[in-house]
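Just so it is clear, the values below take in all heavy atoms, side chains as well, and ignore hydrogens, waters and symmetry mates. Residue numbers begin at 1 in each chain, while the letters A, B, ... track the order of the sequences. A quick note: this is a predicted structure, and the numbers were derived from the prediction, not measured.
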Amino acid sequence: MEAVRRTLRPLVEGQGIRCVHVFHPIATKPQSAPELVRKVHGRAIRAVERKGKYLWLALDNGGLVTLHFKLDGQLLWFANGRELLKRANADVAHAGVHVDVAFELDKGVLGFADRRHFGRVQYWENEASCPGLAVLGVDALSKEFTADKLGELLSLSKRPLKEFLLDQSRIAGIGNIYSCESLWHARLNPLRRAYTLSQGQARRLHKAIVSVLRRALECCLHPAPDFRDPEWWFQGLEKIIRAYDREGKPCRRCGEVIRRISQGGRSTYFCGRCQR
DNA sequence: CCTGCTACCTGATGGC
DNA sequence: TGCCATCAGGTAGCAG
């Protein structure tokens, strides 16, 4: 999401929103689509911000449009309204592309698409009024996320490390892939209870989280996303992945077979020998 | 407060 | 081929 924010910023910052289209109203649920259109029409985009996995357009009236991609959401970019209306939800043979919501700006059109319809585009009067945003803990890429802060959070939780890392209300921005990867790098077993870590282990985990996220961000920015291509997806992430989705393959550190278990309804991949 | 379960959707993949 | 089960980068809402 940070790579998306950085790429999107120069495209939209400072631009006026001339027209809002909601092609699939499910994308604004439980908010009403006409209300989103009414509130956002004619406003200007002051900034593009992010916390955890929430991305938002900060508007000139203090309001915001939050974009949450869930599992499959993505941004699209069209040259103008004519191109948008020609291609949005049209036949693939006619360069059609699935679009849920679109914002016609002074120069270009920003689209939001999620065929699975988990993702959301919503309007809020201020940051505090968006519940999902309000409950987020410290952002994992922020300077407030220090080793001491992580140590303190760990000491307050009895949950297994893997579930602890996925809890956005403690640390925001770590998902299933990066939690597996961080624990692999820190050589910590995902089933370990958070509060049982020593200070040294907490520092190791902090270092692992930060380095995994920084390297993933570098990866996702080179090359940067091209929102004009609806097929676009992050390139080169595979080359930094060490444990995720490697069930049955050898651990890249010790050679033991990577295991897959279920924790909190999600898959966890780890090495049972070198992660302790 | 905390934890665990289910729902929300669509599409890809693999076994038979 | 078809059919069915399972899986997917996330969160919200609910019961206990």
Query raised in the report: Atom CD of A:Gln122 and atom P of C:dA12: how far apart are they, to the nearest Å?
Result: 9 Å
Report task. Find the distance A:Asp114:CG to C:dA8:P and express it as a whole number of Å. Result -> 17 Å
Requested in this report: May I ask you to check whether A:Phe118 and A:His68 place their ring centres under 6.0 Å from each other?
Outcome: no
Report task. For B:dC9 and C:dC4, measure between their P atoms and round to the nearest Å. Result -> 22 Å
Query raised in the report: A:Asp245 CG to C:dA8 P: how many Å, rounded?
Result: 8 Å
Requested in this report: Rounded off to whole Å, could you give me the CG-to-P distance for the A:Asp100 and B:dC9 pair?
Outcome: 12 Å
Query raised in the report: Just wondering, do A:Leu8 and A:Phe227 contact through their side chains at under 4.5 Å, heavy atoms?
Result: yes
Query raised in the report: Between A:Tyr178 and C:dG9, is there a side-chain N or O to OP1/OP2 distance below 4.0 Å?
Result: no
Query raised in the report: Would you say A:Ser267 reaches C:dC7's phosphate, i.e. side-chain N/O to OP1/OP2 under 4.0 Å?
Result: no
Query raised in the report: Starting at CD1 of A:Ile241 and ending at P of C:dG9, how long is that distance when rounded to a whole Å?
Result: 12 Å
Query raised in the report: Between A:Val99, A:Asp100, A:Val37, A:Leu85, which is the residue that forms a side chain to side chain contact (heavy atoms under 4.5 Å, CB included) with A:His21?
Result: A:Leu85
If you restrict it to nitrogen or oxygen atoms, what contacts under 3.5 Å exist between nucleotides 1-8 of chain B and the protein, and what is each distance?
none

Query - Side chain of A:Arg266 (C-beta onward), nearest among C:dA8, C:dG9, B:dG11 - result: C:dG9
Query raised in the report: Expressed in whole Å, how much space separates the P atoms belonging to B:dG11 and C:dT11?
Result: 22 Å
Query - Counterpart base for B:dG4, defined by Watson-Crick or G-U wobble contacts under 3.5 Å - result: C:dC14
Query raised in the report: So, A:Glu218 and A:Arg214, do they make that salt bridge, N to O below 4.0 Å?
Result: no
Query raised in the report: Does any nucleotide pair with B:dG11 by Watson-Crick or G-U wobble geometry, both distances under 3.5 Å, and what is it?
Result: C:dC7
Query raised in the report: Roughly, in whole Å, what's the span from CG in A:Asn176 to P in C:dG9?
Result: 5 Å
Query raised in the report: Between atom CZ in A:Phe234 and atom C1' in C:dA8, what is the gap in whole Å?
Result: 16 Å
**Report entry** Sugar-phosphate, base or nothing in reach of A:Tyr269, heavy atoms under 4.0 Å
**Finding:** sugar-phosphate
Query raised in the report: Under the ring pair (Phe, Tyr, Trp, His ring centres under 6.0 Å) test, which residues partner A:Phe164, sequence neighbours left out?
Result: none
Query raised in the report: Would you say C:dG10 has OP1 or OP2 under 4.0 Å from some side-chain N or O of A:His68?
Result: no
Query raised in the report: Should the pair A:Asp60-A:Arg43 be classified as a salt bridge under the 4.0 Å nitrogen-to-oxygen rule?
Result: yes
Query - Ion pair A:Asp114/A:Arg116, N-O distance below 4.0 Å - result: no
Requested in this report: Apply the test salt bridge (Lys or Arg N to Asp or Glu O under 4.0 Å) to residues A:Glu2 and A:Arg50: give CA-CA distance (whole Å), side-chain angles for both, the deciding distance (0.1 Å), then the verdict.
Outcome: CA-CA 7 Å; A:Glu2 179 59 17; A:Arg50 179 198 64 81; 2.7 Å; yes
Query raised in the report: When hydrophobic residues are tied together by side-chain contacts of less than 4.5 Å, even through go-betweens, does A:Phe78 share a cluster with A:Leu105?
Result: no
Query raised in the report: When you look at CD of A:Glu231, are more than 12 heavy atoms from neighbouring residues, nucleotides or ligands closer to it than 6.0 Å?
Result: no
Report task. Return no unless some side-chain N or O of A:Lys53 is found under 4.0 Å from OP1 or OP2 of C:dT11. Result -> yes
Using the 3.5 Å cut-off, write out each protein N or O paired with an N or O of nucleotides 13-16 of chain C and the distance between them.
none

**Report entry** Inter-nucleotide C1' distance (C:dG9, B:dT3), Å rounded
**Finding:** 24 Å
Query raised in the report: Between A:Tyr54 (OH) and C:dT11 (C1'), how many Å, whole number?
Result: 7 Å
**Report entry** salt_bridge(A:Glu163, A:Arg266) N-O dist < 4.0 Å
**Finding:** no
Query - 5'-most by nearest nucleotide on DNA chain C - A:Arg260 or A:Gln168 - result: A:Arg260
Requested in this report: Just call it for A:Gly119: base, sugar-phosphate, or nothing, with non-hydrogen atoms closer than 4.0 Å on any strand.
Outcome: nothing
